[in-house]
Structures are given as structure tokens and as C-alpha cells.
2 protein chains.
Amino acid sequence: MSKPLSPAAGAGQGASSVDEVLRLVRARGGRATPSRRVLLEVLFEADGHMTAEELAEAVQARAPDVHISTIYRNVEDLERLGVVVHAHMGHGPAAYQLATLAHGHFICEVCGATLEAPDELFADLAGTVKAKMGFTIDPHHFAMLGRCRACEEGG
Amino acid sequence: MSKPLSPAAGAGQGASSVDEVLRLVRARGGRATPSRRVLLEVLFEADGHMTAEELAEAVQARAPDVHISTIYRNVEDLERLGVVVHAHMGHGPAAYQLATLAHGHFICEVCGATLEAPDELFADLAGTVKAKMGFTIDPHHFAMLGRCRACEEGG
DNA sequence: AGCGCAGTTGCGACCTGATCGCAATAAGGT
DNA sequence: ACCTTATTGCGATCAGGTCGCAACTGCGCT
């Protein structure tokens with residue numbers, strides 16, 4: 001499935017169930033394999049973002065033989081479909097989640113705490129940067145680092 | 001030098017010459033080795049950020065036997081001294097530069113172009129986030145991803 | 001109901017960026 | 001000059017992720 005998908009045609013962002021996504025996958029020439037289904041179940045049940053390793057662990061609880069490289073390949077495919085997005089949370093592994101739930105992050109570089117960032121916060125910045133530099137910001141992809149209140153005051 | 005330095009005492013941000021930094025290094029119990037000196041020369045001469053590999057190449061042009069692990073250890077030490085900072089430019093290696101020249105970055109996730117971000121752009125966001133969430137943003141450490149004008153319009 | 005093409009998988013090898021242990025070396029205070 | 005201790009080069013190792021390949025399997029077609 002990797003190659004034949006029409007490139008980033010921004011399709012299924014609204015996909016709201018495992019079966020719906022699987023339908024989308026098939027419409028694009030992909031196949032509804034067990035690994036894919038279980039991965040999607042895990043993603044739909046997750047209440048936050050998960051690293052590839054966490055996804056693998058959760059998937060393997062139901063389908064023990066699914067290899068982590070299959071997880072990587074599948075999230076990549078699902079990302080191309082617009083169903084999943086990944087974000088980089090400071091150092092360390094990337095975090096995946098359903099595109100519908102995407103949001104930005106603030107990460108304390110002292111204690112590692114991660115705060116979720118409402119999109120409104122970035123609206124002004126995005127507007128200004130677009131106007132002044134012609135650049136369209138994706139505030140979700142990379143977390144912003146800094147210090148949380150406790151570490152700023154305490155340290 | 002790695003251990004004995006007093007932890008992140010935010011000292012030498014103003015250091016403005018190789019010798020000045022070397023003086024600071026010695027004041028902290030470190031030593032002015034040739035590798036260190038050449039690395040600093042390269043950093044002071046650089047007109048932008050450089051990856052560890054680029055630094056190694058430049059240093060090795062003058063001191064061929066300097067190993068890349070020495071580069072890593074030295075930039076780490078210099079970072080502890082507040083002389084150097086590193087930033088993550090999207091995927092790929094980190095970029096180092098003198099702390100006095102630090103700034104944010106916007107990186108086009110399509111063509112890879114990197115734009116430098118004037119600090120004023122982040123002032124409002126920093127203020128709002130500080131007020132609403134108590135979080136102090138460091139806008140330099142991680143680049144923001146998005147699409148540059150050409151790729152946004154063309155794609 | 002079965003066939004067969006092409007998408008997918010498990011596996012291990014491999015890649016990049018970075019860190020570490022160690023024995024040998026050398027800075028620089030005294 | 002000497003001796004303590006920071007620093008170095010080197011290779012091994014680590015983490016996170018990607019890839020080549022042969023075996024396997026969805027599922028569209030008949």
C-alpha cells in the first residue's frame with residue numbers, strides 16, 4: 001500500500017471508527033489486515049498519544065506476532081491517509097495519535113512534564129508569521145520546550 | 001571538566017571571544033586544550049548554526065585528529081557554561097551555535113527550507129502561555145514546522 | 001469456490017545521531 | 001619539574017527508526 005496511495009490527498013481526517021478507516025484504506029488499494037485493524041483499535045481506544053513502542057506493546061497484547069516494523073509501516077501509511085499524525089515530544093521517540101485529536105505541546109525541559117496546548121494559543125502567532133514571512137505554521141508537529149511553573153520558580 | 005562544573009549557573013552568556021571563553025573555562029576548573037580552542041574558533045567564525053558533523057569537519061581542517069566524540073563532549077560542556085546552545089531543526093541532527101546568536105526557526109516540511117525567526121514574533125505567545133499556563137517558553141530550542149510560501153501555494 | 005496478483009508481514013540487517021568506558025595523554029597549579 | 005585530574009581518541013554501544021527480502025494473504029475477478 002505504501003506506494004500506490006495518491007500522495008497526501010488530505011482525505012480521511014474525519015474518519016471516526018476503525019471500520020470507516022479500513023473502508024478508506026481499501027478504497028485506496030490497501031488491505032484490511034488483522035495487524036492494521038488491531039493497531040487502529042488501539043489508536044481509537046487510546047486516550048493520549050502513544051510512542052511506536054507503546055503501540056507495539058498494546059497491539060501485541062492482542063496479536064503477539066505483530067512486529068514493530070509493521071507498526072512503523074502502518075502508522076506511516078495511516079499518516080499518509082490523514083488518519084494519524086505524529087508529533088515530536090522533545091527528545092525521545094515520536095508520539096502518534098488520531099489526527100482528529102491532534103494538538104500542540106509544551107514540555108518542561110527540567111522535569112519533563114508535558115502540557116497540552118489549546119490551538120487558540122497559536123492563532124496569533126500563526127497569523128503574524130503567515131503575514132510577515134509567508135510561512136504556514138503547523139503548531140502540532142514539534143513540541144515547544146521551556147520550563148513549567150514549578151521548575152521555573154523552584155530552579 | 002564534565003562533572004565538576006557548577007550546574008547551569010547561567011554564567012558566560014556574554015563571552016565574546018575565544019580567549020574570554022577559555023578564561024571562563026579555566027575559572028571553572030576546565031582546561032584550555034587545543035581541541036577546545038579550535039572548536040571555539042570555528043564557532044566564533046561560523047555565520048550560522050552548524051551540526052556536530054560540520055563542526056567536526058571544520059575543526060579537523062585545522063586539527064585533524066580531533067574525534068567527533070570530543071566535539072560532542074565539548075559542545076556539551078560549553079552549553080553548560082552558557083556559551084553555546086543547540087537547537088533541533090526538524091528531523092536530522094541538532095545544530096549548535098553561540099548562545100549570543102540564538103534565535104528560533106521555521107522549517108518547511110516539504111522543501112526543507114529553514115527561515116530564521118525574529119524573537120519578537122514569539123513575544124505575544126510567550127506572554128499568553130506564561131499567563132494562562134504558567135509555562136515559560138524557550139522558542140529557540142525546537143524549530144517550528146510548517147510550509148513555506150512556495151510549497152503552500154504550489155502544493 | 002478458487003486463482004492469482006500485488007499489498008503486507010516478520011525478520012534481521014542496517015542507518016544515523018549521539019553517548020560511553022577505558023586506557024593513554026597533557027594542562028596547569030604548586 | 002611534578003603530580004593530580006581533566007581531557008582525549010578510539011571503538012563499542014545505544015536509541016529510534018528504516019529497509020530488503022522471501023513468505024504469506026486479502027480480495028477482486030472469474
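Since the model is a prediction, treat every value here as computed from it, not as a measurement. Just the heavy atoms: all of them, side chains too, but no hydrogens, waters or symmetry mates, feed the values below. Residue numbers start from 1 in every chain, and the chains themselves are labelled A, B, ... in the order their sequence lines are given, proteins ahead of strands.
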Between atom [atom1] in [X] and atom [atom2] in [N], what is the gap in whole Å?
| X | N | atom1 | atom2 | value |
| --- | --- | --- | --- | --- |
| A:Ile71 | D:dC19 | CD1 | P | 17 Å |
| B:His88 | D:dA15 | NE2 | C1' | 14 Å |
| A:Arg23 | D:dG28 | CZ | P | 14 Å |
| A:Leu22 | D:dG26 | CG | C1' | 12 Å |
| B:Asp77 | D:dT8 | CG | P | 8 Å |
| A:Glu76 | D:dC19 | CD | P | 7 Å |
| B:Arg80 | D:dA6 | CZ | P | 13 Å |

Kindly state which residues belonging to residues 60-70 of chain A come within less than 4.0 angstrom of DNA chain C, counting heavy atoms of the residue only, listed by number.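 Only A:Asp65, A:Val66, A:His67, A:Ser69, A:Thr70 qualify.
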Is it the case that C:dG21 (base atoms only) and B:Arg73 (side chain only) share a donor and an acceptor within less than 3.5 Å, ignoring hydrogens and angles?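 Answer yes: a donor N or O sits under 3.5 Å from an acceptor.
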Does a side-chain N or O of A:Thr33 approach OP1 or OP2 of C:dT9 to a distance below 4.0 Å, or not?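 Checking A:Thr33 against C:dT9: at least one side-chain N or O falls below 4.0 Å of OP1 or OP2.
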Would you say C:dG28 has OP1 or OP2 under 4.0 Å from some side-chain N or O of B:Arg26?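 Yes.
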Report yes or no: do A:His49 and A:His86 form a side-chain donor-acceptor pair below 3.5 Å?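 Result is no, nothing qualifies.
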Taking salt bridge (Lys or Arg N to Asp or Glu O under 4.0 Å) as the test, write out the residues that go with [X], two or more places apart.
| X | value |
| --- | --- |
| B:Asp124 | none |
| B:Asp65 | none |
| A:Glu41 | A:Arg62 |
| B:Glu53 | none |

With respect to the side chain of B:Ala52, which nucleotide from C:dA27, C:dG7, C:dA18 is positioned closest?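 Closest nucleotide to the B:Ala52 side chain: C:dA18.
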Show every salt bridge (charged side-chain N to carboxylate O under 4.0 Å, His left out) that has at least one partner inside residues 107-120 of chain B, sequence neighbours left out.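 As it turns out, the salt bridge (charged side-chain N to carboxylate O under 4.0 Å, His left out) pairs with a partner in residues 107-120 of chain B, which skip direct neighbours, are B:Glu109-B:Arg147.
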Any residue meeting side chain to side chain donor-acceptor pair (under 3.5 Å) with A:Lys132, in chain and number order, not counting sequence neighbours: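 Counting only residues at least two positions away or on another chain, A:Lys132 forms no side chain to side chain donor-acceptor pair (under 3.5 Å).
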Please write out each protein N/O paired with an N/O of nucleotides 1-5 of chain D under 3.5 Å, distance rounded to 0.1 Å.
from  : atom 1 : to      : atom 2 : distance (Å)
D:dT5 : O2     : B:Arg31 : NH1    : 2.9
D:dT5 : O2     : B:Arg31 : NH2    : 2.9

Residue list, ring pair (Phe, Tyr, Trp, His ring centres under 6.0 Å) with B:His67, at least two apart or on another chain: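 Once residues adjacent in sequence are excluded, B:His67 has no partner under the ring pair (Phe, Tyr, Trp, His ring centres under 6.0 Å) criterion.
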Report the residues that fulfil side-chain contact (heavy atoms from CB on, under 4.5 Å) with A:Arg26, sequence neighbours left out, ordered by chain and then residue number.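 A:Ala32.
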Applying the salt bridge (charged side-chain N to carboxylate O under 4.0 Å, His left out) test to A:Asp77, which of A:Arg31, A:Arg36, A:Arg28 qualifies?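 Only one of A:Arg31, A:Arg36, A:Arg28 forms a salt bridge (charged side-chain N to carboxylate O under 4.0 Å, His left out) with A:Asp77, namely A:Arg36.
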Hey, can you pull the donor-acceptor pairs under 3.5 Å for the side chains in residues 89-98 of chain A, sequence neighbours left out?
from    : atom 1 : to      : atom 2 : distance (Å)
A:His91 : NE2    : B:His88 : NE2    : 2.8

Produce the list of close N/O pairs, under 3.5 Å, pairing protein atoms with atoms of nucleotides 13-17 of chain C; give distances to one decimal.
none

